[in-house]
Each structure stands twice: as C-alpha cells, then as structure tokens.
Amino acid sequence: MQEYSSQAAYDRGEAVCVIGAGASGLIAVKNLRENGFEVDCYERDTVLGGLWNPQNQHSPLYPNTHLVTSRSQTEIPDFPMPDDWPDYPSATQMLEYLTSYAKHFGLSEHIWYGSEISHLEPVEGARFEVVVKPAAGAAARRLRYGAVIIATGHHWAPNLPSYPGLDEFRGTVMHSSQLKDPSRLRGKHVLVVGGGNSGVDIACEAAVNAASCVHSVRRGAWHLPKYLGGEPSDYALARLASRPKFLRRFLADRILKGPKLLAERMGIETPGHGPGSEEPVRNGRYLEHVGDGSIKRRGEVARFDGYDVAFADGTEIRPDLVVLATGYQPKIACVAPELLGGTPDQPAPQLFARMFSPKAQTLAVAGLVEPGVGVLPIVHWQTHAIARWLQVRKSDPERAESFKLQVNAESSHNAAGAADDSPRRRLVVDAEEYLASLGRIIDTLEQEPAK
Amino acid sequence: MSLTAWIRRARTPEPVPVRREIAVFEPADLFDIEIKDNPETNPVLCCTSDAAGAAAFNALWLKRIASSGRYAAAVSVRGQGGTPAAVGGAEARAHDVVQAAVTVPRQTVLIGHREGAAWAALAAGRYPAAGLVLVSPQRFPKQLPKPVGEPPVLLVVSESETQSKEVQAVADEYGITPLTFAGAPDDVFKGAAAEGLLDAILSWLDAQQR
C-alpha cells in the first residue's frame, strides 16, 4: 500500500468537507450547496441515512423503532414530510424521507461512500487537510478543504456499563443496537437495563413477545404518553411556549398532571424540573405494561453471578437474555479532541454555541446536541448558520470579528451542566433557549452590512 | 424562511391533509424520440386559482413544458378539480403546493397563476424552489416571506395590468421588472397568447439554468 504522506495533498480550494451522510450530513450538504459552496461528503458506510438505515452495518436501530417526536416537530423545516404520514413515522419511513431529501436536492453526487476520514488536521490559512481512507482497495488520499463540518452523530459507540461478574455471566448479553430481530425475545426471560427511550421501547417489545420482562432502571424520569390533550405531546408542550408567561406554568401543570400521577402510581419518581430540561421517555404503552404486570420494574443491577442477576435491593432473577439499552458514547474519532475544545483527561467536545470549534474557525460540528425535541430542524438551523458563517468569514472580516464575540457570549450561558455523570446528558440543551440562541446567531450573520 | 417563522408554523396546527390531485407530464410521455428528459433541468410545478386546478394546464402547458425536456407537474389545491375541499385559506393552499413540490423528484420551479401566484410565493417562503414564476399575480399577501434559498423570480403580467398597483407592489417586493404578454390575464391556458407566454417563461427558465 502506498504511504499517503509521500504524495502531495490534492487541493479542493474553498470546497467544504462534510463527514457523514446521515441525516445531519445530508442537511449540511444541502444547506452548504444552497449557499454556493462546493461540497464533498464522506460516508464510511456504503449507504446514506446513517442510523436510520438498517443496511448500515453500525445501525443502532432496534426492532420496531419509531420516532419519539412527532412529524411536525421532526421534519426538516424546508422539506416537510408527506402530510398523510402518521404522527410518529417509523424508522423505515424516516429512511424513505431522508432518501427522497437526498434525491430531491441531488445530494448523492456529492457523497463518497465507503470512505472514512481517518485523520484531520489544520494547515495554514485556516484550512484543513483530511486523510480519506477507502473501505477497500486503494490507498488513502490526502485532500485540502476550506472548511470541515463533522456530522458523524453520536449514536455509534455503545455505552457499555461494567457490572461485577458481567464477563462470566452464562446467559446472553447484548447491547440494544445488536437486537435487530424481535424474534430473539420470543419465549425468553428478558432483562432490559436502561430507562431511556430505547430501554422503554424494548421493554414494551419484550412485554408482548418474551416469557417475562424485568426492566432495571436507575433513576426516575418523566414518562409522557405520545399524545397529550388530543395532540402529539411534543407539539402540545411546544405550543405552551407561545402562551403568555404567567399562564405557561399553570397550563403545563394541568396537561402533565395525568402522566405524573400515573407514573407515581407505578412507583416512578418524576424529577422536580419539567420534562423540557431532560429528554423525557415518550411511550404511552410502557406504563400500561407495568400496570398489567408484563413489565416488572427493578432498581439498579448490583452484580451478575453465573446464571443469576442480583439487584441493589437484594432480589435476584435468572434471565436468558440481557439487553443493555444503555445508550451511546458521543465519540468523534477522526479529529484530535483538543481541536474541539476537549482536554486529554476530559475529551468531550466543548464547542461554541454547540457547533463551532473553539480552536479553528473553519471547523464545526452539526447535530451534537440532545435537545429533547426533533433534532433535524435544529441541525437545519445549525448548518444554515455554519454556511452563513463561512460566507461572512470570507466576505466581511469586520462582521466576522463581532460575530465571534457574540458566539462566545451565546456559548457561555449554556455551558452549565457540563460536569455530569452520563455522557449523553452533557449534550442536553434546552430546546427553547438553544433555538433562540441560534436565531440570534443567524440574525447577526444575515443582517445587511452596516454601510 | 426565518427561524422565527418556522417556530411559529411548527406551533400552529397543520392544515387538514387532503388527497391532492397532481397532473404529471414527463418528457417520455410525449413518445417523441427527439425529446429527451434532461436531468440537468429543474422540474416545473404549476398552480392556478382557476377552478379546474391541475386540469387547466393539461390542454397546453404540461405538454409544452415537457417538450422542453422538463418534468412538468400541476397541482389542484384544496377545492379545485379532483382535490376535495377542506378548510383553510391561502396558507393552507400554500401548504398544498409545498406538499406537491416535495413529491416532485428534483428541486422544482414553482409557477403560479393569479391567486396561485400568491400561493406559490408563500410556498417559496418555506420550500427552496429552484425558481419562482408569477403570472398575473392577484390577491398577494401583504406580509410576504423572503423566498428560501434566494431563487430567481420572474413576474409576467398581461399588457393591461402593467400599470396596476398590485403588479407594481409585487415587482417592488422582489425588485424586478415585469415581463408583459399579449392577451387577457385569465385566459392563459390556450391560444396564441398562451403560446407566447409559455415561450417567454421557458426561455427565461433556460437562461437561469446556464
């Protein structure tokens, strides 16, 4: 194999490199193209759609995955989903939607499949050199780009907890992403670990298919049904934000009273803060399954012991199959953590406004947030802002300077909650606040030059 | 589309969905060996306030557009032609146009006639149209959204309308000068005047492509 360092980098001029052709990557390519940039998008797999494509060999889909946010809150703002689709489309429909988005805007011709970015480093002139490693055959190539947008998502590296005795456990243990086929649950005694949306969905799947289902949950969470007051619940809650402030609290309490009482009856604590500040569990069937006994809730797992699993409260069960629905580690492998504001002992990215690298002007990350609402619209506005920023940077250095100050100010007040135990919770933002901050950023970038 | 406009829209109830009638004419449907579907060109989606809806474009427009190598489609918004009536004003009709636009295989040009021009302009405020053609616009909304993705805009009016306040306002809004065509503004679907109008629109579209 030819050593890549021996050949000169191919210069792509002002073109932008987008890493990943999942939902975020596709939106980034489209918005950059719309703003007049040349784009090369690299996808390590051979298909587009990222986590929504079951053909993607790393796909984290589990049986019967559906959106947990409703159609109107999840669709890309300038490319609505067909309005005869259900309120909560399935993963298959989501893939169909993303495929038609790519086709409609002719994005495929800018995507290089089977190409992984193995390395990325800044070179002079605020540009980047990337090393593209094809999945098979040819040697790695080096290319230079005017800017890089990382859109690799954060649902790829399973977050696997360690319990004493887990390695010697005699039953089957798998992460939720490995459970592709619901028939694997059939007739088994199943233990589901993890109280997030995937854990709750899989527990519901096991409740109807498996011989028995025990669900181990560490802490309480908001449990919302998919509908509140006759409307999709995220829509109903989002609408509250457009009510007068003094009414909001009252209306929110009224609308959430039912779910809260039900959760308490099932022995689930709801956190003191509202469901907006952390992603709530959105599943209407779960509490009913708990209510009819087909899901038994337990506390934290203490240890694994041969065929048995012991819980912190001293009880033991003997499951055939343990599903670890413990989420994912946000991990960006292609770039040194320092470039994204991390430190060697705290490698998690610390970005300006959750998207701009604090070290390099032309490096940005799209979709590295957990807003508790549909992510696609947020990514749309993020990449819109990034594209505008790249334009302004070139054309108007003066405005770019003042913009940098503003972005600093915007990022200072959402840095809170950075030191938290779970890796996912570090990405949590308040959707309302974050959208407002994105709005201010876009306004600054789009206002006419003062002349 | 601004972020605030999107937030506002995402928090208002969506118009009632209807089964929309969409007439499609592809270059291949002409069975003419000379005419090839040109994937470099943008498709065209038409709408009008004529009660016939999409069917109004069947007589001449769709075939003519298709013979220029473009994918041609027309939509009947709620209450027109084969689309059932449903509640909703101009916004709901713009929603119908956007929903039709996303079913077109590629990024499409929107052509609106009369009130249809107003719906097309509203639709262009939330869908990045490849171009926006307004034919004799009527009842234009006062608060016009900025078109998404800065598409080129063409305003075509009949000779009798050039002095009207409405046309002036629309022209000022987009900062363009209107093209004129001979004939009555309501009678653009067949006849010599229609041919001339279509030629003007198609040659403008070709000029944008380059």
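Just so you know, these numbers use all the heavy atoms, side chains as well, and skip hydrogens, waters and symmetry mates. Each chain gets a letter, A, B and so on, in the order its sequence line appears, and its residues count up from 1. Note that the coordinates shown come from a computational prediction; the quantities given were computed from them, not determined experimentally.
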### Task
Determine the interplanar angle of the A:Trp381 and B:Trp6 rings, folded into 0 to 90°, and report it as parallel if under 30°, tilted if 30 to 60°, perpendicular if over 60°.
tilted
### Message
Could you walk me through whether B:Arg11 and A:Glu432 satisfy the salt bridge (Lys or Arg N to Asp or Glu O under 4.0 Å) test, starting with their C-alpha distance in whole Å, then the side-chain angles of each, then the deciding distance to 0.1 Å, before giving a yes or no?
### Response
CA-CA 12 Å; B:Arg11 289 175 186 172; A:Glu432 193 71 21; 3.0 Å; yes
Heavy-atom distance under 4.5 Å between the side chains of [X] and [Y], does that happen here?
| X | Y | answer |
| --- | --- | --- |
| A:Pro80 | B:Gln99 | yes |
| A:Phe105 | B:Pro128 | yes |
| A:Ser100 | B:Val102 | no |
| A:His384 | B:Leu3 | no |

Over 12 non-hydrogen atoms of neighbours within 6.0 angstrom of [atom1] in [X]:
| X | atom1 | answer |
| --- | --- | --- |
| B:Lys190 | NZ | no |
| A:Arg248 | CZ | yes |
| A:Lys226 | NZ | yes |
| B:Gln168 | CD | yes |

### Query
Rounded to the nearest 0.5 Å, how far apart are NZ of A:Lys103 and CZ of B:Arg106?
9.0 Å
### Query
Quick one: what part of B:Ala101 sits under 4.5 Å from any heavy atom of chain A, side chain, backbone, both or neither?
backbone
### Summary
Ranked by heavy-atom pairs below 4.5 Å to chain A, first place among B:Thr12, B:Val18, B:Thr103 goes to B:Thr12
### Summary
Cut-off 4.5 Å, heavy atoms of chain B, and the answer for A:Arg71 is side chain
### Query
Is it true that B:Arg126 and A:Glu75 make a salt bridge, defined as a side-chain N closer than 4.0 Å to a carboxylate O?
no
### Task
Before accepting this row, confirm whether a basic side-chain N of the pair B:Arg20/A:Asp84 lies closer than 4.0 Å to the acidic partner's carboxylate O.
no
#### Entry: Top contributor to chain B contacts, counting heavy-atom pairs under 4.5 Å, from A:Ile442, A:Asp83, A:Asn35
A:Asp83
### Task
Output yes when a side-chain donor or acceptor of B:Glu14 lies under 3.5 Å from a complementary backbone atom of A:Ser72, and no otherwise.
no
### Task
Mind listing the closest non-hydrogen atom pair of A:Arg239 and B:Pro13 along with its distance?
NH1-CG, 4.0 Å
